[in-house]
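Every heavy atom of this structure was used, including side-chain atoms; hydrogens, water molecules and symmetry mates were not. Keep in mind that what you see is a predicted model, and the values were worked out from it rather than measured. Labels below follow one simple rule: chain letters A, B, ... track the order of the sequence lines, proteins then strands, and each chain is numbered from 1.
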Amino acid sequence: MCGVLRASDAGKKAVLMGWVNRRRDHGHLLFIDLRDRTGVTQVVFNTDRDAAVHEKAESLRNEYVIAVTGTVKLRDANTINPNMPSGEVELVAEELRILNESKLPPFLPGDTALTHEETRLKHRYIDLRRDVMQFNIETRHKVAKAIRDYLSAQGFFEIETPFMTRSTPEGARDYLVPSRVQPGTFYALPQSPQMFKQILMISGFDKYFQIVRCFRDEDLRADRQPEFTQIDLEMSYPQPDSVWGVVEGFLRAAFAAAGYEINPPFPRMDYDEAIRLYGIDKPDLRLPPFTDVRECLAAENVQELAINPNLPVIAIRIPKVGDLSRKERDDIKPMFHSKGGARVFEDFKRIANRYAATAEAVAKKLDAGEGDLIVLVAGAAQASCGENGAAFASHRKVTPQELAIYTSAGLLRLALAQKYAERHQCFQKGDFRFLWVTNFPMFEWDEAEQQWMAAHHPFTSPHEQDMKLLAEGVEALHDPLSPLSAVRALAYDVVLNGTELGSGSIRIHRRDVQSRIFRALGMNEEEAKARFGFFLEALDYGTPPHGGIALGLDRMVMILAGAESLREVIPFPKTARAVDLMVDAPTPVSEKQLKELGIAVKKPAGL
RNA sequence: GGGGACGUAGUUCAGUUGGUUAGAACGCUGCCCUGUCACGGCAGAGGCCGCGGGUUCGAGUCCCGUCGUCCCCGCCA
């Protein structure tokens with residue numbers, strides 16, 4: 001245990017085993033920093049004490065694996081190293097065994113500059129020796145263990161569900177596994193154990209959880225891997241509150257395990273409110289929300305700036321950015337991506353010069369301090385007001401035109417917050433702002449398909465009060481004005497600092513409601529049976545009300561570790577092209593294997 | 001599928017307007033050094049400038065293609 005020796009161990013005999021982290025050769029005096037996962041301790045080899053051992057130590061090189069027997073010695077006051085936890089002591093070597101030599105690694109775990117990620121991934125076993133990676137993986141273990149312990153104590157059973165299961169094409173693409181026994185047929189790796197955990201509720205395991213791998217064959221991002229780990233749970237007879245309580249409980253335990261105290265319950269916010277205040281369904285609460293400053297603008301302002309008077313005028317405020325140069329102000333405009341009819345007024349100074357009174361009113365309403373950055377986003381006066389606008393408004397609180405402004409402003413808010421993070425200082429490590437976002441819409445309008453789609457998944461229960469709207473809307477799948485637009489789902493997301501940590505819902509437990517939802521999604525009874533027959537059948541046999549949630553473990557650990565990418569908290573991750581650079585997967589397989597599976601591969605041109 | 005950034009020594013990087021023999025630091029090898037801890041000193045080795053083609057008297061540098069890594073959009077019920 002190279003990192004655990006302290007002053008209190010002085011005088012003891014010790015055997016340390018580990019890697020040579022660094023070597024400092026002073027001729028007759030040789031220092032080796034010996035490293036294992038607990039840390040580093042200095043070992044001293046001295047010709048005065050034992051010339052033979054010292055000579056053997058001369059041959060040591062970086063990353064050799066050695067065992068050293070010696071005596072723990074308190075260092076002289078002037079040789080104490082306050083920068084390392086074991087810096088008050090050192091091991092005086094009496095015996096050295098070289099357990100294994102090492103080739104010169106492409107990079108050293110103790111290097112200060114970080115090597116290009118491609119090299120790190122190819123030699124991941126060396127990269128994982130770095131103390132940051134050791135810490136991240138340890139954090140991951142502690143978090144997972146805390147969650148297991150907490151949920152077990154709450155009466156949850158951890159139950160495994162199959163990895164080789166049935167493809168139910170909808171949503172993400174499946175990873176497929178060909179069957180040899182039945183050529184031409186395929187298993188699918190689960191995108192989530194959704195239907196299995198619901199069936200476990202039907203089976204009477206009324207509190208289930210699983211820390212489980214999920215698979216989605218979609219393009220990767222810094223926060224998206226093709227295989228990832230979810231904390232999946234489901235319980236019978238819950239209200240949303242009871243699920244939230246469980247999640248808040250295990251998150252408190254998990255964060256405590258990583259050394260952070262958080263204080264549930266978390267605040268809650270309607271989906272519509274999140275859109276209106278933050279322009280996004282996963283608000284980052286560390287920065288101020290929008291303010292609608294339409295009322296601060298005089299009629300002539302609206303006229304001259306070509307602003308649509310019937311739509312909100314959003315003021316984005318980023319605190320303490322300080323004065324921006326002309327160029328910095330000009331740089332804001334390209335960061336703005338209009339989602340349709342939204343315009344940005346990035347130069348508040350110019351507005352202040354032209355309309356002093358208006359600017360003052362806006363600043364006052366925002367309660368803006370000295371140096372706060374203010375950017376306005378409004379609807380363009382001549383923007384084509386969707387002819388459906390008025391009708392939409394009757395169903396939903398936020399119209400599509402308003403949504404365009406809110407989401408455009410929301411994206412700009414995040415981009416500005418990121419860009420000026422060092423100035424506003426609102427992104428401090430250890431500042432965790434959780435939020436429950438609730439009452440999502442049940443359906444989303446798909447412009448391409450010209451129909452309503454499930455916003456969450458088709459097993460999500462609608463609000464009891466909205467069942468009537470559902471009944472009315474069920475035959476109006478292709479009508480953008482359908483009452484379906486106003487149906488709210490008993491769905492909820494847990495959000496942390498602008499990241500969606502998890503998503504869940506109260507499920508449908510009644511077969512008739514489930515059928516109606518499938519019908520509302522344009523699936524007739526036969527189609528529904530073909531895809532989910534086993535599940536629909538199960539619903540017929542006394543299904544208790546149930547609900548649950550799934551949280552991304554990787555994302556949680558990433559935030560706890562202060563990492564920028566999931567790859568920093570996954571031991572063996574994949575690159576943007578879904579390749580494992582260390583084992584070099586995926587690969588072609590032999591003709592023999594393919595033949596057994598009854599698979600013929602169309603070779604890409606050029607091979 | 002689309003947009004952007006990058007690719008030079010084992011590693012991190014520099015390389016001017018296209019111009020002689022492509023540099024630095026760390027690491028590596030050898031020698032020296034008894035209190036360093038990112039030890040120090042001296043000497044040395046180490047390069048298909050990602051790959052292929054083109055322009056040019058001349059290409060690390062310009063152009064086209066290609067491969068790889070990263071970031072973003074689409075996508076992720």
Q. Rounded to the nearest Å, what distance is computed from the NZ atom of residue A/Lys282 to the C1' atom of nucleotide B/rC76?
A. 11 Å

Q | B/rG18 versus B/rC57 - spacing of their P atoms, nearest Å | A | 16 Å

**Q.** d(CG, A/Leu104; C1', B/rG27) in whole Å
**A.** 7 Å

Q) Looking only at atom P, what distance separates B/rC6 and B/rA22, rounded to whole Å? A) 25 Å

(Q) Would you say A/Ser505 and A/Arg507 are linked by a side-chain donor-acceptor pair, where the criterion is simply a distance under 3.5 Å? (A) yes

Q: With sequence neighbours excluded, give me every side-chain hydrogen bond (donor to acceptor under 3.5 Å, both in side chains) pair touching residues 486-501 of chain A.
A: A/Asp466-A/Arg488, A/Asp493-A/Ser503

(Q) What contact category does A/Phe31 fall into here, base, sugar-phosphate, or nothing, at under 4.0 angstrom with non-hydrogen atoms? (A) base

Q.
Let me spell it out: for each of A/Thr115 and A/Glu218, pick the nucleotide of RNA chain B with the closest heavy atom. Which residue's pick is nearer the 5' end?
A. A/Thr115

Q. When you compare B/rC67 with B/rC13, how far apart are their C1' atoms, in angstrom units rounded to a whole number?
A. 23 Å

Q) Just checking A/Gln225: base, sugar-phosphate only, or nothing, at a heavy-atom cut-off of under 4.0 Å? A) nothing

Q: Would you please indicate yes or no on a ring centroid separation below 6.0 angstrom for A/Phe163 and A/Tyr187?
A: no

Q. Any idea which of B/rU36, B/rC76, B/rG10 is nearest the A/Arg216 side chain?
A. B/rC76

Q. Nearest-Å distance, CD (A/Glu63) to P (B/rG10)?
A. 19 Å

Enumerate the protein-to-nucleotides 38-40 of chain B contacts in which both atoms are nitrogen or oxygen and the separation is below 3.5 Å.
residue: B/rC39; atom: OP2; partner: A/Arg24; partner atom: NH1; Å: 3.1
residue: B/rC39; atom: N3; partner: A/His26; partner atom: NE2; Å: 3.3
residue: B/rC39; atom: N4; partner: A/Asp25; partner atom: O; Å: 2.2

Q) To the nearest Å, how far apart are A/Asn46 CG and B/rC33 P? A) 14 Å

Q.
Taking A/Asp479's backbone N and O only, do any of them form a donor-acceptor pair with A/Trp452's side chain (distance below 3.5 Å, no angle check)?
A. yes

Q | Side-chain donor or acceptor of A/Gln210 paired with backbone N/O of A/Thr161 under 3.5 Å | A | yes

**Q.** Rounded distance in Å between the C1' positions of B/rU55 and B/rG2
**A.** 30 Å

Q.
Minimum heavy-atom separation for A/Ala409 and A/Ile316, please, with both atom names.
A. O-CD1, 3.4 Å

Q.
I need the CZ-C1' distance between A/Arg120 and B/rU12, as an integer number of Å.
A. 14 Å

Q. For atom P, what is the distance between B/rU66 and B/rU12, given to the nearest Å?
A. 26 Å

Q. Who is the Watson-Crick or G-U wobble partner of B/rU55, with both distances under 3.5 Å?
A. none

Q: Could you tell me whether the side chains of A/Glu94 and A/Thr71 share a donor-acceptor contact shorter than 3.5 Å?
A: yes

Q: Please work out if A/Ile80 contacts a base, only the sugar-phosphate, or nothing of the nucleic acid, heavy-atom cut-off 4.0 Å.
A: base

Q: Look at all strands and tell whether A/Leu521 reaches a base, only sugar-phosphate, or nothing, counting heavy atoms closer than 4.0 Å.
A: nothing

Q. Checking all strands, does A/Pro106 fall into the base, sugar-phosphate, or nothing category for heavy-atom contacts under 4.0 angstrom?
A. sugar-phosphate

Q. Quick one: A/Ile32 CD1 to B/rG35 C1', roughly how many Å, whole number?
A. 15 Å

Q) Between B/rC28 and A/Asn62, is there an OP1 or OP2 to side-chain N/O distance shorter than 4.0 Å? A) yes

**Q.** Gap between atoms CD and P, on A/Glu58 and B/rC31 respectively (whole Å)
**A.** 9 Å

Q.
Checking base pairs now: Watson-Crick or wobble, both atom distances under 3.5 Å. What partners B/rC42?
A. B/rG30

Q: Walk me through it: do A/Tyr278 and A/Arg413 pass the test side-chain contact (heavy atoms from CB on, under 4.5 Å)?
A: CA-CA 8 Å; A/Tyr278 297 92; A/Arg413 172 177 175 270; 3.4 Å; yes

Q | Complementary nucleotide for B/rU61 - Watson-Crick or wobble, under 3.5 Å | A | none

Q: Name the pairing partner of B/rG23, where a pair is Watson-Crick or G-U wobble with both distances under 3.5 Å, or state none.
A: B/rC13

Q) So does A/Arg510 pair up with A/Asp512, basic N to acidic O under 4.0 Å? A) yes

Q.
If I take atom CG in residue A/Leu60 and atom C1' in nucleotide B/rG27, what distance separates them, rounded to the nearest angstrom?
A. 17 Å

Q) Can you give one letter per nucleotide of nucleotides 65-74 of chain B, 5' to 3': B if a protein heavy atom sits under 4.0 Å from the base, S if only from the sugar-phosphate, - if neither? A) ---SSSSSBB

(Q) Say we look at B/rC49 and B/rC42: how far apart would their P atoms be, to the nearest angstrom? (A) 31 Å

Q | Separation of the C1' atoms in B/rA38 and B/rG50, to the nearest angstrom | A | 31 Å

**Q.** Salt bridge A/Arg22-A/Asp33, side-chain N to carboxylate O under 4.0 Å
**A.** no

Q: If B/rC76 has a Watson-Crick or G-U wobble mate with both distances under 3.5 Å, name it; if not, just say none.
A: none

Q | Sugar-phosphate, base or nothing in reach of A/Arg75, heavy atoms under 4.0 Å | A | base

Q | Under 3.5 Å on both distances, the Watson-Crick or G-U partner of B/rU66 | A | B/rG50

Q.
Give me the distance, rounded to whole Å, that separates B/rC76 from B/rU8 when you measure between the P atoms they each carry.
A. 36 Å

Q) Looking at the rings of A/Phe532 and A/Phe459, which for Trp means the six-membered one, are their centres under 6.0 Å apart? A) yes

Q | Lys/Arg-Asp/Glu bridge criterion (N-O < 4.0 Å) met for A/Glu227, A/Lys574 | A | yes

